[in-house]
K.L.:
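Have a look at the structure that comes next, please.
As the structure is a prediction and not an experimental result, all values here were calculated from the model.
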Amino acid sequence: MPKKNSLTARRALALLLAYLTLCIAGGVVVSLMAMPAVFGANNAAKALAPSLTVEGIDFDVTSLPQKSTLYASDGKTVIASFYAQNREVVPIKNISVYMQRAVVAREDRRFFEHAGVDVQGVLRAFVQTYVAKGDTQGGSSLTQQYVKNVLMVKAREDDDPIAEYHASEDTVARKLREMLIAVQMEKKYSKYEILQGYLNIAQFGSGSLYGVEAAAKRYFNTTAANLSVVQAATIAAITKNPEKYDPSIEANQKTSEEQRNIVLDLMLQEKFITKAQHDKAKATPLKDTLNIQSVQQGCQVAGDAAFFCSYVTNQILNSKEFGNTAQARQKLLNEGGLEIYTTMDVNANNAAMKAARDTIPVDDPTGFEVTIAAVKPGTGEVLGFGINRIYDATDAAKTDPTRTSINYAVDQKDGGGIGFNVGSTWKPINMIAWMLQGHSINESLRTYTSYANSSFNCSKFSGHGTWSLHNSEGGTVSRETPLQGLIKSHNTTQASMTQQIGLCAIADAAKTVGYHNAILGQEDVYSANSFNPPMIIGSVQASPLTMANVYATIAANGVECTPIAIKKVIKQNGKSVKVPSANCHQAIAPEIAQTTAYALNQGVLKGEAKAAQLDNNRKTFAKTGTNEQTYMLTAGFVPNQVAAFVAVGNAEVQESFSGKTINGVSHGTWYGMYIASPAWKEFVDTYLAAINAPIDSDYGTPAEQYMR
C-alpha cells in the first residue's frame, strides 16, 4: 500500500480511525458503508470490503498447526518431533493463572472490559502516532492480536503469501479489518476462549516457538499449568519482540530480564500479584530461573533411532493413507499434531546399532558398511536397524564418510540405497520353489559346472548360451540332494534344481515369500535387473529389510507380511488415522516353511552357518552368504521373536574384501561366516537377552512328504 505523504493526510486518517473505532465499539459497523467519499483518502480501504465477513476463517484453537511426535513401540520413548510451528495446544484450565494474568497485564489490561476493541488504547495509539508524530504505537486488543495471528496462520496454510502480507502490513485497512472481526468474535466466543486461543497461537520465542506450552518446556522444562509468577512474566514479555526478547539466547538475557520486570510491574499495578510476590520475582536473576531445553526437531536429532526415524517418515510420505499427494502428507506430518506410534523396539534397535559398530567401527579405514535389519515374524513389524554410520542429513555428510542420511537397510524409495547382492542367503527361496513344485528335498540330483541357459526356460524366460559355475571349494558334487546343497551352500545343486522346475518357478516363489528388488522402478523380480540364471545364487540387489522379511515368512509357519513401521496414528482430535496394513496371509504351506527351517538348522549344526549358533544352545536357523568377495551376508531367525539380515561391504559401489584388514583382522579370502555371522549372532543374542525370550526347540519339524 502507498505511504501517506503529509501530516494532513495522517491527521485525517487519525480522525477517521477514531470515528470508526467508536462506531465499531458501539456496534454500528454499517455506518462504514455510508462513507465512500472518506475512503478516497487512502486506497488501502479498497481491501476493506471483503473483510466485513469472517466466513471461511476458522478460529478454533484446536485446528492450529501442532507438532507431531514419533514414539517407539513402548508408547513412551520419543524418537523425534516434526513441526512447521513448535506448538502443543492446551486448554485454558491447563494454563496457570499467573500466565493468563501476565499476558493480560502486558498486552491488554482492559481485556475483560471491552467488546473486542479497546477504544482508549486505539485513540491513544493513533493520536501519538499520527497527530503528535511520536513513536509508532500499537493499541491492538488481545482479541485483535488473536485475529491477526489466525489470519496469518490461515494464509500460510493456504500457501498464500499475498494474504500473509496483508495480514501483517502496517496499514489502516488491516487495523480496521482486525477490529471488525474482533467485534464479531467477541459475540461468538467468551473472553476465556479468546484468551485460550491467543495463548496457544502467539509466538513466544525465536524460530518457530509458538504457544505457552512449548514455551514453558523450552525455557523452564515445565508445563503451562505449572508456570510460576516469574516464569509467566518472562514468557509474557517475549511476544513484543520474539527474536530480541528470547531468553534462551544469551545476548538477549539482559533485555529479557528488563522486559520481564516491566511485566511484573504491570501485574502489580493491576493487582494480579501481591507486593511480596512482585519484589521476590523481580529480585531473582533471570539466568537462575532458566532450564533451557533443546527444540531441535526431525530425524537429525534422533540419535541411534535416526535411521528408523527416516524410514518411518518416508513410509508416511509414500503412503496414500496420509494424503493424496506427497505435499499433503508432509503438511500433515509437520502440522497435524499427530501421535505416531511405531514398531521400533528400543532393545532391538540399540542391539542392532551396537552390533554394527562392534563389527566394523564407524571410523574403520576400509569404510565398509555393516547393515542390519530386523523384523518380528508373523506381524511385519520392523523392530529396528543397525548401521555403522552416524545419521546426518546436513551438508557435513558430503565430505565425511562416517556420516550419511541413507538408510542402507531399506529400499531406494524409502530413503535407502540400491541394495546388496545377497549371495547364498537366497538359496532357501530355491528350496521353497522346489517343494512348491511337489519335490522332496532328499531327491538325488546330477550336478554340473556348465549349464545351457535354455535348460532353465519357462514362460517368461528364453535363454541362450551357457552358464559356467562351481562351488566355493571348486568343481561340483554329483550326485547331491537339495538338502545337502543347502547345508554345504553348493551352487551347482541350485542350477540342477532350476533345470527341473524352470526359472519362473524360482521367481514366483520369491515373490510369494515377500521378495522384491531394492532399486526404484525395478522392484519386480521379473525385471531385467534380476531375472536371469545367476538370480538363483543371489545375484540380485535387495535391501536387508526385504531379506529379513523373507526369512520372517519361513519363521512364521509360512505367513508373509508386508513390513510396517507404524502401529497407529492419533490425530489431535483423538481420532485415529488409517495406517498401512501388513496384509499378513498364508503364503506357503506350514509344512514347507517348517521343512525349510529344518534345512537351515541343519546348516548351522553341520554346515557353513556354524558361526551363527546362538547362546544357551538355542535352536538356531541361519544361512550365510558371500558374493564374489564384495559382500558378506548372514540371515536367520528365532521363531516368534525375530528375523534378521546382516550385509557387510561397500553399500554404494562394489569393492573387494580380498586381502583387506577389517577391524584389525586380516584374511586373504573373506567369507560371510567370518564377519557377517558373528554380527548376526551378537545382535540376536543381545536382543533376546534384553527381552528375556524363552527358548523354543519345537520349530523346524520337517514334513514327511518333502523328506522322502
K.L.:
Against Tyr341, only a single residue in Ile570, Val569, Val579 fulfils side-chain contact (heavy atoms from CB on, under 4.5 Å); can you say which?
P.N.:
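Considering Ile570, Val569, Val579, a side-chain contact (heavy atoms from CB on, under 4.5 Å) with Tyr341 is found only for Ile570.
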
K.L.:
Over 60° means perpendicular and under 30° means parallel, so tell me whether Tyr192 and Phe112 are parallel, tilted or perpendicular.
P.N.:
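Aromatic pair Tyr192/Phe112 classed tilted.
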
K.L.:
Gln259 and side chain to side chain donor-acceptor pair (under 3.5 Å): which single residue from Arg106, Lys254, Lys244 fits?
P.N.:
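With Gln259 as partner, Arg106, Lys254, Lys244 yield a single side chain to side chain donor-acceptor pair (under 3.5 Å), made by Arg106.
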
K.L.:
Do Asn252 and Glu250 have a side chain donor and acceptor closer than 3.5 Å?
P.N.:
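No pair is found: no donor N or O on one side chain lies under 3.5 Å from an acceptor on the other.
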
K.L.:
Between Ser319 and Arg329, is any side-chain donor less than 3.5 angstrom from a side-chain acceptor?
P.N.:
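The answer is no; no qualifying pair exists.
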
K.L.:
If you measure only the distance, is there a donor-acceptor pair under 3.5 Å linking the side chains of Tyr98 and Gln277?
P.N.:
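Result is yes, a qualifying pair exists.
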
K.L.:
Angle between ring planes, His114 versus Phe111, binned at 30° and 60°: parallel, tilted or perpendicular?
P.N.:
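Judged by the thresholds at 30° and 60°, the geometry between His114 and Phe111 is perpendicular.
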
K.L.:
Taking 4.0 angstrom as the limit, do Asp400 and Arg389 come out as a salt bridge?
P.N.:
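Salt bridge: no.
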
K.L.:
If we count only N and O atoms by modelled type, under 3.5 Å, do the side chains of Glu369 and Asn388 hold a donor and an acceptor together?
P.N.:
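The criterion, which ignores hydrogens and geometry beyond distance, is not satisfied for Asn388 and Glu369.
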
K.L.:
Do Lys354 and Asp304 meet the salt-bridge criterion of a basic N to acidic O distance under 4.0 Å?
P.N.:
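Looking at Asp304 and Lys354, the cut-off is not met.
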
K.L.:
Less than 4.0 Å between a side-chain N and a carboxylate O, is that true for Lys398 and Asp395?
P.N.:
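Salt bridge flag = yes for Lys398 with Asp395.
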
K.L.:
Between the side chains of Lys191 and Glu186, is the shortest nitrogen-to-carboxylate-oxygen separation below 4.0 Å, so that they form an ion pair?
P.N.:
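The answer is yes: the pair qualifies as a salt bridge.
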
K.L.:
Can Lys188 and Glu193 be counted as an ion pair, charged N to O under 4.0 angstrom?
P.N.:
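Looking at Glu193 together with Lys188, the answer is no, because their closest N to O distance does not fall below 4.0 Å.
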
K.L.:
So, are Glu107 and Lys240 salt-bridged, with charged N and O less than 4.0 Å apart?
P.N.:
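A salt bridge links Glu107 with Lys240.
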
K.L.:
Using side chain to side chain donor-acceptor pair (under 3.5 Å), reason through Thr77 and Asp74 one step at a time and then give a plain yes or no.
P.N.:
CA-CA 7 Å; Thr77 303; Asp74 59 15; 2.6 Å; yes

K.L.:
Is it true that Glu257 and Lys287 make a salt bridge, defined as a side-chain N closer than 4.0 Å to a carboxylate O?
P.N.:
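Salt bridge between Glu257 and Lys287, a charged N being under 4.0 Å from a carboxylate O: no.
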
